[in-house]
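Below you'll find the structure, written out as structure tokens, and then a few comments.
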Amino acid sequence: MTSPARPPGAGEPLHRGQLTGTAADVAPTLLHKVLVAGERSGRIVEVEAYEGGDDPASHAFRGRTPRNGIMFGPAGHLYVYFTYGMHWCANVVCGSRGEARAVLVRALVPLTGLEAMRGARPAATRDRDLCNGPAKLCQALGITGADNGLDLLAGDSAIMLLDDGVPPPRTPGNGPRVGISVATERRMRWWVENEPCVSR
DNA sequence: CTTTGGATCGTCT
DNA sequence: GACGATCCAAAGG
């Protein structure tokens with residue numbers, strides 16, 4: 001009995017219990033999970049952990065504000081923020097309620113909806129440049145502030161986080177986070193080694 | 001190939 | 001009023 005090949009971008013939503021640990025615990029487990037936005041989807045190949053009140057680099061370090069409120073809610077929701085006057089970035093909220101931990105999704109391998117992604121990102125000359133950065137992948141998938149707070153684990157959400165059976169790498173790359181000026185000694189960035197779609 | 005600086009505006013001090 | 005959890009084009013080697 002041969003089962004048919006699973007369509008690209010298909011899978012089951014993660015269980016919320018998989019996201020209740022610290023951001024540093026959860027982040028590397030999200031490698032190879034699939035982020036889906038309508039017909040567009042990609043496999044996560046680079047992430048960063050932000051630990052809320054324990055982490056000077058986190059948006060939640062100085063407490064709850066109108067912008068970061070979603071981070072203080074339940075795990076599995078999407079935290080989208082606007083930065084540098086023009087870019088959106090997407091996080092998966094994790095930890096327990098009130099802890100404001102989150103994992104920034106930094107890069108994807110495009111799986112489906114490539115034509116829509118190319119249309120959304122005319123600056124990308126190669127397909128590997130469609131989603132190889134936190135703001136690029138939001139542009140490619142059409143994620144904006146309007147999506148802030150969505151439940152990524154609900155079957156009817158416009159944006160979902162799926163497990164299609166591909167396990168995380170046994171030994172991911174690990175190093176300092178990108179683009180921050182504090183807590184730079186913490187090695188809380190993880191990526192899939194030898195993967196062309198990783199940023200930088 | 002690497003380095004540099006401009007774009008652009010919401011958010012918090 | 002200052003500063004980004006960034007990207008890209010242009011300039012330089």
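The model shown is predicted, which means the values in this text are computed figures rather than measured ones. Throughout, a chain's letter reflects where its sequence line sits, starting with A, and its residues are numbered from 1.
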Which nucleotide, C:dT6, B:dA7, C:dA9, lies nearest any side-chain atom of A:Ala123?
C:dA9

When you measure from the side chain of A:Met71, which nucleotide among C:dT6, C:dA5, B:dC12 comes out closest?
C:dA5

For A:Gln139 and A:Ser181, find the nucleotide of DNA chain C closest to each by heavy atoms; which residue's nucleotide sits nearer the 5' end?
A:Ser181

Whole Å only: how far is the [atom1] atom of [X] from the [atom2] atom of [N]?
X: A:Arg177; N: C:dT6; atom1: CZ; atom2: C1'; result: 16 Å
X: A:Trp88; N: B:dT11; atom1: CH2; atom2: P; result: 8 Å
X: A:Leu137; N: C:dA5; atom1: CG; atom2: C1'; result: 12 Å
X: A:Tyr84; N: B:dC12; atom1: OH; atom2: P; result: 16 Å
X: A:Tyr81; N: B:dG10; atom1: OH; atom2: C1'; result: 13 Å
X: A:Arg67; N: B:dC9; atom1: CZ; atom2: P; result: 16 Å
X: A:Asn68; N: B:dT13; atom1: CG; atom2: P; result: 10 Å
X: A:Asp129; N: C:dC8; atom1: CG; atom2: P; result: 8 Å

Checking A:Ala23 now: which residues fulfil side-chain contact (heavy atoms from CB on, under 4.5 Å) with it, not counting sequence neighbours?
A:Ala49, A:Glu51, A:Cys94, A:Arg101, A:Val103

Between A:Phe82 and A:His87, does the ring centroid distance fall short of 6.0 Å?
no

So do the side chains of A:Thr144 and A:Val80 get within less than 4.5 Å of each other, counting heavy atoms only?
no

Counting Watson-Crick and G-U wobble pairs only, both distances under 3.5 Å, name the nucleotide matched with C:dC8, or none.
B:dG5

Is there a Watson-Crick or G-U wobble partner for B:dG10 with both distances under 3.5 Å, and if so, which one is it?
C:dC3

Examine distances only and state if a side-chain atom of A:Arg16 and a backbone atom of A:Ala75 form a donor-acceptor pair shorter than 3.5 Å.
yes

C:dA5 base stacked by A:Tyr50 (centroids within less than 5.5 Å, tilt under 30°):
yes

Pick base, sugar-phosphate or nothing for [X], based on heavy-atom distances below 4.0 Å to the nucleic acid.
X: A:Leu104; answer: base
X: A:Ala57; answer: base
X: A:Arg189; answer: nothing

Can A:Asp54 and A:Arg186 be counted as an ion pair, charged N to O under 4.0 angstrom?
no

Measuring to OP1 and OP2 of C:dC7, would you say a side-chain N or O of A:His87 lies under 4.0 angstrom away?
no

Is the phosphate of B:dT11 approached by A:Arg62 (side-chain N or O, under 4.0 Å from OP1 or OP2)?
no

